[in-house]
2 protein chains.
Amino acid sequence: MARELTDDQKQKIEENRKKALERLKATKARTDTAKPPEQKKRLRGSKMSTNYYEYNLTTMRDTKAGFIEEDPQKSPEKRRKILTLDEIPYDPSSTQKCRECASLDLDVAYLKVFKVPVCRKCIESVPDKYSLLTKTEAKDDYLLTDGELRDRERLPVWEKPNPHKHTWNNMLLYLREHLEAFAIEKWGGLEELDGEFARRETEKQERKERKYKKSVAELRKRTRVEEWERKRRERLRIEQAHEHTFEAIGDDSCEQKCTICGLTVEVEEF
Amino acid sequence: MARELTDDQKQKIEENRKKALERLKATKARTDTAKPPEQKKRLRGSKMSTNYYEYNLTTMRDTKAGFIEEDPQKSPEKRRKILTLDEIPYDPSSTQKCRECASLDLDVAYLKVFKVPVCRKCIESVPDKYSLLTKTEAKDDYLLTDGELRDRERLPVWEKPNPHKHTWNNMLLYLREHLEAFAIEKWGGLEELDGEFARRETEKQERKERKYKKSVAELRKRTRVEEWERKRRERLRIEQAHEHTFEAIGDDSCEQKCTICGLTVEVEEF
DNA sequence: GCTTTACGGTGGAAC
DNA sequence: GCTGTCCGTCGGAAC
Ligand SMILES: [Zn+2]
Ligand SMILES: [Zn+2]
């Protein structure tokens, strides 16, 4: 037993070590060169489309879209204030260019919320980097936790009204590029992430199987008990709750047998 | 698959139904008569002693012992204020008697915190009702959740400095009588509670076994792979990285065999 | 036999 | 392909 726990521990420690190393490496790589991230297709479930964005365009007016940033005043508890998209300052006369095609017609939301200068056309043509994922998708696809998804520094969030009902909790949108970078640091690479994903899938499957087997066994057991009870009751009914109706066995015999319970008695003839 | 989930659902619903019924019954029973709760021994792990109390007596002076009660001012969020034991008001000239032995010398802490008039002697002689359990013990023994343990109305708490280190989080003490009543309502009875306890124990055991088996299998697999790798390397070494050292097979033979890799060649003698 | 928190998994509600 | 919260389990930290 102690050995299992130790194995677990070792694994955790190794993971963390790997994590730290990868973090350094990844950070360096990204800041040194602007080389694109791995282009390997990640279509586990989340779409590569920009549906969420489209949705926003139609409801831009009454949306409470915004993101969270540090409050200027340095109070002991780090106060955060939600700014609407319009309240986020930016310089419209900037000569910044799209990082993909060098266009000057940048997408304002991406620039303001995600700090990524990119044009609408490139957002749609490079979903591997610029598609948006909801928080739930982010958790499912990249196996990030709530705590990690709360890191607004590295994972800026575009809050939008819930598409199901606007009174519900805001929908939280993340940029795929950010999630992928984070996940690579966390898991040590996309391959390791896929491994963990597979591990959990098989575990889920095994859990299901066990549950199913158990329920079948339970049902069978119950059925058997009920059958046994039924038989017992029937036996009792026959043996106790009737008047014997004797009939002679054969013609010459002095024996009689009850037609219900089979009780056989000798008849003394006087 | 859908069947399993439904079974689970049914079970939950049944539990809740039972819960509601039991709640009514239990509440009535307790308010109508002062009959003692089930005296069945519950010594799963927590002691029946009053150790925690003893501890308190020696450190009463600098303890921040207290309990939480509603703030008089009705603000929208229910403000709560922690009162120290001395700050809790009570009437020392009260003629209230010990509910067990009718003594007038009541335990002040029990009266103030738990609202139970009982004397020190009876606290020690009836641990089934008056022994104290830490929060962790309460969870372990009565299978209550954090949320339930937060119900200060039904489960008053006596906070005391942590016995391990006074700078750590306060120790939270509950009265066994309260916990037991709550657990009976929650689970539908002490028997059902024991059933659930047993269920979890076996589950834990099964989990452990599975984990162990898995780790053994993993180890075995790894060992096998390593062994295979070792052999392969050895084979390669032998077949590639050596000069053949031929020796004649038998005396008259014109065949020769390498002493390292076993390669056999015919030797043409001129 | 000290407590809080974090995590993974899950249904149900509706911020 | 919506989000919070809760539950059970667990190991580590130190309120
Ligand atoms: Zn572009
Ligand atoms: Zn008494």
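Each chain gets a letter, A, B and so on, in the order the sequences are listed, and its residues count up from 1. Bear in mind the structure is a predicted one, so any value in this text is a computation, not a measurement.
B:K213 pairs by the side chain to side chain contact (heavy atoms under 4.5 Å, CB included) definition with nothing, not counting sequence neighbours. With sequence neighbours left out, B:D151 forms a salt bridge (Lys or Arg N to Asp or Glu O under 4.0 Å) with no residue at all. With sequence neighbours left out, the side chain to side chain contact (heavy atoms under 4.5 Å, CB included) criterion links B:K121 to B:C101, B:C119. Listed by chain and residue number, A:E201 satisfy the salt bridge (Lys or Arg N to Asp or Glu O under 4.0 Å) test with A:K204 (two or more places apart in sequence, or in another chain). B:K221 pairs by the side chain to side chain contact (heavy atoms under 4.5 Å, CB included) definition with B:E218, not counting sequence neighbours. Judged as a side chain to side chain contact (heavy atoms under 4.5 Å, CB included), and not counting sequence neighbours, the contacts of A:T145 are A:E148, A:K186. With sequence neighbours excluded, the residues that form a salt bridge (Lys or Arg N to Asp or Glu O under 4.0 Å) with B:K139 are B:D146.
Only the C1' atoms considered, C:dG9 is 22 Å distant from D:dG12, to the nearest whole Å. Remark: the separation of the C1' atoms in C:dT10 and D:dG11 is 23 Å, to the nearest Å.
Between B:E203 and A:R210 no salt bridge is recorded (no basic side-chain N to carboxylate O distance below 4.0 Å).
At a cut-off of 3.5 Å, with distance as the only test, a side-chain donor of B:E100 or B:Y130 sits close to an acceptor on the other residue.
Atoms CD (B:E196) and C1' (D:dT9) sit 14 Å apart, rounded to a whole Å. In this structure, the CH2 atom of A:W158 is 15 Å from the P atom of D:dT3, given to the nearest Å. Rounded to a whole Å, the CD atom of B:E203 is 15 Å from the C1' atom of D:dC10. Nucleotide D:dG12 holds its C1' atom 14 Å from the NE2 atom of B:H164, rounded to whole Å. In this structure, B:L173 atom CG and C:dC2 atom P are separated by 11 Å, rounded to whole Å. The nearest whole Å value for the distance from the NZ atom in B:K165 to the C1' atom in D:dG12 is 15 Å. Look at OH on B:Y142: it is 21 Å from C1' on D:dC7, rounded to the nearest Å. If you take CG of B:L144 and P of D:dC6, they are 16 Å apart, rounded to a whole angstrom.
In DNA chain D, runs of at least 3 stacked Watson-Crick or G-U pairs (N1-N3 plus N6-O4 or O6-N4, or N1-O2 plus O6-N3, all under 3.5 Å) give these stems: C:6-9 with D:6-9.
In terms of position on DNA chain C, the residue among A:G147 and A:K204 whose nearest nucleotide sits closer to the 5' end is A:G147. Residue whose closest nucleotide on DNA chain C sits further toward the 5' end, between B:K139 and B:L133: B:L133.
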Contact list (N/O, under 3.5 angstrom) for nucleotides 13-15 of chain C vs protein:
{"unit_1": "C:dC15", "atom_1": "O3'", "unit_2": "A:T167", "atom_2": "O", "d": "2.9"}

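If you check every strand for non-hydrogen atoms under 4.0 Å, A:T145 touches sugar and phosphate atoms only. Nucleic acid contact for A:K135: sugar-phosphate only, since backbone atoms but no base atoms lie under 4.0 Å from a heavy atom of the residue.
Within the 4.0 Å cut-off from OP1 or OP2 of C:dT3, at least one side-chain nitrogen or oxygen of B:T136 is found.
Counting only heavy atoms from C-beta on, B:R207 has its side chain closest to D:dC10 among C:dG9, D:dC10, C:dT3.
Between A:F114 and A:L132 the shortest side-chain heavy-atom distance falls below 4.5 Å.
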